[in-house]
Structures are given as structure tokens and as C-alpha cells.
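As the structure lists them, so they are numbered: ligands from 1, and atoms in each ligand from 1.
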Amino acid sequence: MTQPIFLIGARGCGKTTIGQALTHACDFRFVDTDQVLQQCSGMSVADIVAAEGWPGFRARETETLISVTQPGAVIATGGGIILAPVNREFMRQNGVVVYLNAPVPVLARRLEAFPEADQRPTLTGKPISEEVADVLAQRDALYRETAHYIVDASASPERVVTLILDALHLATAS
Ligand SMILES: Nc1ncnc2c1ncn2[C@@H]1O[C@H](COP(=O)(O)OP(=O)(O)OP(=O)(O)O)[C@@H](O)[C@H]1O
Ligand SMILES: O=C(O)C1=C[C@@H](O)[C@@H](O)[C@H](O)C1
Ligand SMILES: [Mg+2]
């Protein structure tokens, strides 16, 4: 299988971390929409949102998603990629979509330990644990309807990679 693999899920579920580990375990290359978007624009997510608002960031995100999609790629997406119907449709039509699902306390704990505020400016103005709960409640159904597979992302990175490889029937790299 060489179809692109899209990793979706909430901030802190591990799309970037697991995506990188997955490409070491199989013969794919790693791409991250947040990283490419920031490199191409020369601005952090926080800078873009300050200058253009979230609509400006979302428009750039859709362009980036399309530009990075190619066979043999593991694509770590931004947590809000599923908000746009065009992105949901694009990922389902052009690859295999995996939802890294983790409960609110796990997500909040990870984000509190590593906030990375330049890449994760506040979405609601609320404290992290409240924001995570509110945002996941709004988005969980969208992650689920977009996903071909749902994987427990609260396990260790090694275990999450194994779950994905098994779900996709992917052979490990030698
Ligand atoms: N399975 C895991 N077990 C323990 N810690 C993890 C796991 N996955 C990710 N982390 C940690 O959680 C933090 C957030 O992970 P990561 O940046 O990969 O999330 P993300 O889904 O890409 O977030 P964003 O949507 O903001 O890009 C990092 O510090 C990472 O080391
Ligand atoms: O959940 C979100 O809406 C976001 C998650 C991050 O990956 C970034 O894409 C950005 O901070 C927005
Ligand atoms: Mg990420």
C-alpha cells in the first residue's frame, strides 16, 4: 500500500510524534501540515492568527494539505483540519485516515507539559483542560466521520505505531 496516511485528532493526541515514529517503522516519508505551513509562510501559527485571524490560518491549512499529499507519505495534520468539509472529503478520497483518539485528561496532561504556544495559540481563551474538553466535544464526531480507522492514542508511542501498522496491514521496515 502506498496511499497517503492522514493522522487526525485533537491537539496533543500525538499526530506529529506518532507520524514520525510510524515512518521509521515502515517505508513512508513524514510530512506535517503545521510544520510545512509555518516553514512556507515564515510565520508561526500564533503570528498567522494574530495577522489574519483563524480564517486566514484555515485557508493556508487547506492549501498546505493539498500540496503535501502524495503517495508514500504519512501526513500529520493540524487538530482543526477536520473543520472544513473540503478537507474531510479530500482526505477520505485521497488516502487512509486514522483518528488518534485519546481522552481529555490525557490530552490536557500532555499539552500542559508541552504547551508550544507558538503553534497552539488559544482557541477559546479558556484554561487548557477546559479548552481541551470543549473543543473535543465539538470535534469528536467530525474526527470519527472522517476516519477510516480509530486507534487508542493514550498508549505508549511504540504501541500506537503497532496498532496503526496492524490496522492498515502494513509490513514493518527491515
Ligand atoms: N503516545 C504518547 N505517549 C506519551 N506522550 C505522547 C504520546 N504522543 C504524544 N505525546 C507527547 O504529547 C505532546 C504532544 O504531541 P504531538 O505534538 O505529537 O501532538 P499533535 O497531535 O501533533 O498536536 P497538534 O495538533 O498541536 O499538532 C508531545 O510532548 C509528545 O511527546
Ligand atoms: O486544534 C486546532 O485547531 C489546531 C491545532 C494545531 O495542530 C494547529 O494546527 C493550530 O494551532 C490549530
Ligand atoms: Mg502536531
The single option from Thr64, Ile48, Asp47 that satisfies side chain to side chain contact (heavy atoms under 4.5 Å, CB included) with Ser41 is Ile48
What atoms of ligand 2 come closer than 4.0 angstrom to any heavy atom of Asp34? 6 (C), 7 (O), 8 (C), 9 (O)
Location of contacts on Arg58 toward ligand 2, heavy atoms closer than 4.0 Å: side chain
Can you give me the closest heavy-atom contact between Ala102 and Ser154, atom names plus distance? CB-N, 4.3 Å
Measure across Arg29 and Gln70 and return the closest heavy-atom pair with its distance rounded to 0.1 Å. NH1-NE2, 3.1 Å
Are Phe6 and Leu65 side-chain neighbours, meaning at least one heavy-atom pair lies under 4.5 Å? yes
Given 3.5 Å as the limit, does a donor-acceptor pair link the side chain of Arg139 with the main chain of Gly9, or not? no
Do any nitrogen or oxygen atoms of Gly79 come within less than 3.5 Å of a nitrogen or oxygen of ligand 2? yes
Closest heavy-atom contact between Leu136 and Tyr143? CD1-CE1, 4.1 Å
Does Asn87 reach the main-chain N or O of Ile81 with its side chain, forming a donor-acceptor pair under 3.5 Å? yes
For ligand 1, which atoms sit closer than 4.0 Å to a heavy atom of Gly79? 25 (O)
Would you mind running through ligand 1 and noting each atom that sits below 4.0 Å from a heavy atom of Asp34? 27 (O)
Atom 29 (O) of ligand 1 [closest protein heavy-atom partner, distance rounded to 0.1 Å]: Phe114 CD1, 3.1 Å
Check ligand 2 against Arg120 and write out every atom of the ligand that is under 4.0 Å from a heavy-atom position of the residue. 11 (O)
Write down the atom of Glu52, the atom of Phe57, and the distance for their closest heavy-atom approach. OE1-N, 4.3 Å
Report the C-alpha distance between Gln38 and Ser44 in whole Å, list the side-chain angles of each, state the deciding distance to 0.1 Å, and finish with yes or no for side chain to side chain donor-acceptor pair (under 3.5 Å). CA-CA 5 Å; Gln38 291 177 101; Ser44 67; 5.0 Å; no
Return the residue, atom name and 0.1 Å-rounded distance of the protein heavy atom closest to atom 16 (P) of ligand 1. Thr17 OG1, 3.6 Å
Quick note on ligand 1: atoms under 4.0 Å from a heavy atom of Ala10 include exactly 21 (O)
I'd like to check which ligand 2 atoms, numbered from 1 as shown, lie under 4.0 Å from a non-hydrogen atom of Gly78. 7 (O), 9 (O)
Ligand 2 and Gln119, any nitrogen or oxygen pair closer than 3.5 angstrom? yes
So the atoms of ligand 1 within less than 4.0 Å of a heavy atom of Thr16 turn out to be 18 (O), 22 (O)
Would you say the Mg ion (ligand 3) has Thr16 as a near neighbour, meaning an N/O/S atom of that residue under 2.8 Å away? yes
Leu123, portion touching ligand 2 at heavy-atom distance under 4.0 Å: side chain
For ligand 2, note which part of Gln35 has a heavy atom under 4.0 Å away: side chain, backbone, both or neither. neither
Starting from atom 19 (O) of ligand 1, locate the nearest protein heavy atom and write down its residue, its atom name and how far away it is, to 0.1 Å. Gly14 N, 3.3 Å
Side chain to side chain contact (heavy atoms under 4.5 Å, CB included) test vs Thr77 passes for just one of Val31, Asp34, Leu7, Thr33, namely Thr33
Arg139 near ligand 2 by a heavy-atom separation under 4.0 Å: yes
So if I count the atoms of ligand 1 from 1 in the order they appear, which ones are less than 4.0 Å from some heavy atom of Ala153? 1 (N)
Name the closest protein heavy atom to atom 5 (N) of ligand 1, giving the residue it belongs to and the distance to 0.1 Å. Arg110 NE, 3.6 Å
Looking at Val45, which atoms of ligand 2 are within less than 4.0 Å of one of its heavy atoms? 10 (C), 11 (O)
Protein contact to atom 1 (N) of ligand 1 [nearest heavy atom, distance to 0.1 Å]: Ala155 O, 2.8 Å
Give the intermediate values and the outcome of side chain to side chain donor-acceptor pair (under 3.5 Å) for residues Tyr99 and Asp140. CA-CA 10 Å; Tyr99 173 21; Asp140 184 63; 2.6 Å; yes
Of the protein's non-hydrogen atoms, which lies at the shortest distance from atom 23 (O) of ligand 1, and what is that distance? Gly12 N, 3.1 Å
Does the pair Glu112/Arg109 count as a salt bridge with the N-to-O cut at 4.0 Å? no
To the nearest 0.1 Å, how far is atom 4 (C) of ligand 2 from its closest protein heavy atom, and which atom is that? Arg11 NE, 3.4 Å
Ile5 vs Phe28, test: side chain to side chain contact (heavy atoms under 4.5 Å, CB included). Steps then yes/no. CA-CA 9 Å; Ile5 300 168; Phe28 276 59; 3.8 Å; yes
Give the intermediate values and the outcome of side chain to side chain donor-acceptor pair (under 3.5 Å) for residues Thr69 and Asn94. CA-CA 8 Å; Thr69 297; Asn94 289 281; over 6 Å; no
Closest to atom 17 (O) of ligand 1 (judged by heavy-atom distance), picking from Gln119, Arg11, Lys15, Arg120: Arg120
